[in-house]
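Working notes, beginning with the structure itself.
In this chain, numbering begins with 1 at the start of the sequence shown. Values in this document were obtained by computation on a predicted structure and should not be read as measured data.
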Amino acid sequence: MKDVSNGSTAQIAYQSRECEGTQGPLETLNRGYGSCRDFAALYAEAIRTLGFGARLVSGYLYDPSDDRLGSAGSGSTHAWVEVFVPGAGWIPFDPTNRSVGSANLIPVAVARNIPQVAPVTGSFQGEGTDLLPIEVVVRVEDQ
């Protein structure tokens, strides 16, 4: 499964995107770039074609060193995939960073399809000059 992650992302460049939505897997392959949610959607579909169960996860990437893709500080929203491996259960795969395991990943929502786990949704009615600041802080503590 790690080979699928590496193979599916070897020719695709990471590109942060602020607009809503997710590219379809074929669109990501054709464009040659995508955000973490695009990488996750592509990887989930690739794994499913091999007969494995896959679910998409939205949450936060804890990256205090700020050296992982998809990171803009320690409170970045992020998307990845969990694959069901018989005998082992749900294993996290982060195709954006080509990593396996839950280190640095803080899950918030999980679903079969990426639109079901959007980190922020909603609407606002107001003036074009209105500013609605938002700040996310992720703090990890040893227990």
Side-chain angles (χ1 to χ4, degrees), residues 1-126 128 131-143:
M1 280 175 251
K2 183 124 169 93
D3 289 342
V4 174
S5 177
N6 290 344
S8 65
T9 59
Q11 302 298 318
I12 301 168
Y14 174 79
Q15 184 177 59
S16 178
R17 197 172 68 249
E18 298 298 322
C19 63
E20 290 184 30
T22 303
Q23 297 173 170
L26 292 178
E27 187 177 2
T28 300
L29 290 171
N30 288 334
R31 288 184 175 182
Y33 64 85
S35 67
C36 61
R37 60 190 183 267
D38 304 322
F39 278 76
L42 172 62
Y43 181 72
E45 289 304 314
I47 286 298
R48 288 174 181 153
T49 64
L50 297 175
F52 290 92
R55 60 189 186 186
L56 291 119
V57 185
S58 179
Y60 295 97
L61 175 63
Y62 178 69
D63 185 19
S65 60
D66 202 27
D67 63 352
R68 292 185 175 257
L69 290 175
S71 178
S74 63
S76 300
T77 58
H78 194 57
W80 62 94
V81 178
E82 290 181 346
V83 178
F84 186 79
V85 178
W90 292 100
I91 307 295
F93 285 83
D94 179 0
T96 305
N97 289 295
R98 299 182 185 180
S99 64
V100 179
S102 60
N104 298 15
L105 301 174
I106 303 166
V108 174
V110 63
R112 186 183 194 298
N113 298 311
I114 197 82
Q116 297 170 314
V117 291
V120 178
T121 60
S123 62
F124 170 76
Q125 290 183 330
L131 179 62
L132 296 173
I134 185 170
E135 181 179 333
V136 174
V137 176
V138 175
R139 188 175 69 228
V140 177
E141 298 176 355
D142 290 331
Q143 295 197 25

Handout entry: Point-to-point distance, once rounded to the nearest 0.5 Å, from CD1 of Ile114 to CD of Glu45
Key = 11.0 Å
Problem - Val100 side chain near Ile91 side chain, heavy-atom distance below 4.5 Å - result: yes
Practice task
Quick one: list whatever passes side-chain hydrogen bond (donor to acceptor under 3.5 Å, both in side chains) with Glu82, sequence neighbours left out.
Solution key: Arg55
Exercise for the section: Begin from the C-alpha positions of Thr96 and Trp80 and carry the test side-chain contact (heavy atoms from CB on, under 4.5 Å) through to its verdict. Expected result: CA-CA 8 Å; Thr96 305; Trp80 62 94; over 6 Å; no
Handout entry: Between Phe93 and Tyr43, ring centroids under 6.0 Å
Key = yes
Handout entry: Distance (rounded to the nearest 0.5 Å) between Phe39 CZ and Thr28 OG1
Key = 8.0 Å
Problem - Gly32 backbone acceptor or donor facing Gln15 side chain under 3.5 Å - result: no
Exercise for the section: Working to the nearest 0.5 Å, report the span between CZ of Phe52 and CZ of Phe84. Expected result: 10.5 Å
Problem - Polar side chain donor-acceptor pair, His78 to Asn104, under 3.5 angstrom - result: no
Handout entry: Rounded distance [0.5 Å steps], CG in Leu29 versus CD in Gln23
Key = 10.0 Å
Handout entry: Ser99 vs Asp94 side-chain heavy atoms within contact, under 4.5 Å
Key = yes
Problem - Side chain Gln116, main chain Asn113, donor-acceptor under 3.5 Å - result: yes
Exercise for the section: Could you tell me whether the side chain of Asp38 and the main chain of Thr22 form a donor-acceptor pair under 3.5 Å? Expected result: no
Exercise for the section: State, with a plain yes or no, whether a side-chain heavy atom of Leu105 is found less than 4.5 Å away from one of Leu61. Expected result: yes
Handout entry: Check against side-chain contact (heavy atoms from CB on, under 4.5 Å), Val117 and Val57
Key = CA-CA 7 Å; Val117 291; Val57 185; over 6 Å; no
